[in-house]
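For reference, the structure discussed in these notes is given below.
Owing to the predicted nature of the structure, the values given are computational and were not obtained by experimental measurement.
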Amino acid sequence: MTSPVYLFDLASRQAQWLAARQSTISGNIANANTPGYRARDIEPFADVLDKTKLAMVATNGGHIGLDAARPEGTKVKKAETWDTVYSKNSVSLEQELIKAGEIDRQHSLNTSIVKAFHRMLMSSVRTA
């Protein structure tokens, strides 16, 4: 018996996260000239994914296990903004546009992976 595949669920969650982040970045850009406005961002998807408690499991003795001695990654703090304008606004349009470009690339990657997985799944169903 095969176990369920959660790739589509994971991709859907990332797409929802990307939509929320794009909305937040758009709000920052819309308020770029609002005096005193502080730029916002949402929690990184890696942190959201870490909270799901998905664990790698060796289902076969031949699978490579996790190395307990391997050091864990550390979180790097980002600078809040690149510059502060005279209106005491913390929105940097350049920084927000870079974030929007990152979101676009992540969405394209997500879509490409889902398409490839779907093609692979359909190919396996047709041959079975």
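Between atom CG of residue L18 and atom CZ of residue F45 there is a gap of 8.0 Å, rounded to the nearest 0.5 Å. Taken to the nearest 0.5 Å, the CZ atom of R38 stands 12.5 Å off from the CG atom of N31. Between the CG atom of L93 and the CG atom of N28 there is a distance of 10.0 Å, given to the nearest 0.5 Å. In this structure, I29 CD1 and K99 NZ are separated by 9.5 Å, a value rounded to the nearest 0.5 Å. Rounding to the nearest 0.5 Å gives a distance of 7.5 Å between CD1 of I103 and OG of S26. To the nearest 0.5 Å, atoms CH2 (W17) and CD (Q22) are separated by 10.5 Å.
Annotation: side chain of L97 is not in contact with side chain of I25 (no heavy-atom distance under 4.5 Å). Residues I113 and L7 have side chains in contact (heavy-atom distance under 4.5 Å, counting atoms from C-beta outward). Counting only heavy atoms from C-beta outward, the side chains of L10 and Q14 never approach each other to under 4.5 Å. A heavy-atom distance below 4.5 Å is not found between the side chains of N110 and Q106.
S23 places no side-chain N or O within donor-acceptor distance of the main-chain N or O of A19, the cut-off being under 3.5 Å. Without hydrogens or angle criteria, S108 side chain to D104 main chain gives a donor-acceptor distance under 3.5 Å.
With sequence neighbours left out, Q16 forms a side-chain hydrogen bond (donor to acceptor under 3.5 Å, both in side chains) with no residue at all.
Under the 30°/60° scheme for interplanar angles, the aromatic rings of F8 and H118 are found to stand perpendicular.
What you find for Y37 and V91 is that their closest heavy atoms are CD2-CG2, 3.5 Å. Closest non-hydrogen pair, S124 versus L121, comes out as OG-O, 2.8 Å. Summarising the geometry of S90 relative to A39, their closest heavy-atom pair is OG-N, 2.7 Å, with the distance given to 0.1 Å.
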